[in-house]
Amino acid sequence: MFNELKVAYLLSLIIAILTFVAAAGGLVIQDLYRDNLFVTSGWFGNDLVTLVVAFPILVIALILSARGSQRAQLV
């Protein structure tokens with residue numbers, strides 16, 4: 001069972017890193033989204049929420065889950 005969790009932690013860590021890179025890229029790279037202002041604003045907001053809310057929650061859940069928290073494993 002420990003090996004299965006080890007694989008899950010590794011995959012979750014990879015997802016966290018890729019999430020950070022994608023969201024930060026959307027905020028930093030100019031003209032990444034080539035759409036109208038309404039859609040571009042939506043993507044920008046999505047990247048901001050992902051970077052400020054989703055990414056920290058995932059990282060904190062990974063840390064707490066590694067310490068044995070079953071609630072964090074649900075996250």
Side-chain angles (χ1 to χ4, degrees):
M1 182 170 167
F2 179 72
N3 286 336
E4 292 173 4
L5 289 178
K6 193 173 182 181
V7 171
Y9 292 139
L10 179 63
L11 292 175
S12 296
L13 182 62
I14 291 169
I15 289 171
I17 292 168
L18 292 175
T19 299
F20 179 83
V21 169
L27 294 174
V28 173
I29 298 173
Q30 296 292 334
D31 298 327
L32 180 65
Y33 303 121
R34 298 177 186 171
D35 222 325
N36 62 37
L37 181 61
F38 180 72
V39 175
T40 303
S41 298
W43 284 119
F44 182 78
N46 184 39
D47 288 336
L48 188 62
V49 169
T50 299
L51 206 57
V52 172
V53 178
F55 175 72
I57 288 174
L58 179 57
V59 171
I60 290 168
L62 277 171
I63 293 168
L64 293 177
S65 178
R67 293 182 181 176
S69 171
Q70 290 181 347
R71 289 182 183 173
Q73 285 183 0
L74 289 174
V75 172

For this session: Group every Ile, Leu, Val, Met, Phe, Trp and Tyr by side-chain heavy-atom contacts under 4.5 Å, then state whether Val59 and Val52 land in the same group.
Result: yes

Problem set entry | Distance (rounded to the nearest 0.5 Å) between Ile17 CD1 and Ser12 OG | 11.0 Å

For this session: First locate atom OG1 of Thr19, then atom CD1 of Ile14, and finally report the distance between them rounded to the nearest 0.5 Å.
Result: 11.5 Å

For this session: Taking side chain to side chain contact (heavy atoms under 4.5 Å, CB included) as the test, write out the residues that go with Val39, two or more places apart.
Result: Asp35, Asn36, Trp43

Problem set entry | Residue pair Pro56 / Thr50: nearest heavy atoms and the distance that separates them | CD-O, 4.4 Å

Seminar exercise, completed: Ala61 and Ala72 have their tightest heavy-atom pair at O-CB, 3.4 Å

For this session: Answer yes or no: is there a side-chain heavy-atom contact under 4.5 Å between Leu51 and Asp47?
Result: no

Exercise. Any side-chain heavy atom of Leu13 within less than 4.5 Å of one from Tyr9?
Worked result: no

Seminar exercise, completed: To the nearest 0.5 Å, atom CG of Leu27 lies from atom CG of Asn46 at 9.5 Å

For this session: Decide whether Ile63 and Val53 are clustered together by the hydrophobic rule: side chain heavy atoms of Ile, Leu, Val, Met, Phe, Trp, Tyr closer than 4.5 Å, transitively.
Result: yes

Seminar exercise, completed: d(Leu64 CG, Gln70 CD) to nearest 0.5 Å is 13.0 Å

For this session: Mind checking the OG-CG spacing from Ser65 to Leu58? Nearest 0.5 Å is all I need.
Result: 10.5 Å

Exercise. Would you say Phe55 and Val49 are hydrophobically clustered, going by side-chain heavy atoms of ILVMFWY under 4.5 Å?
Worked result: yes

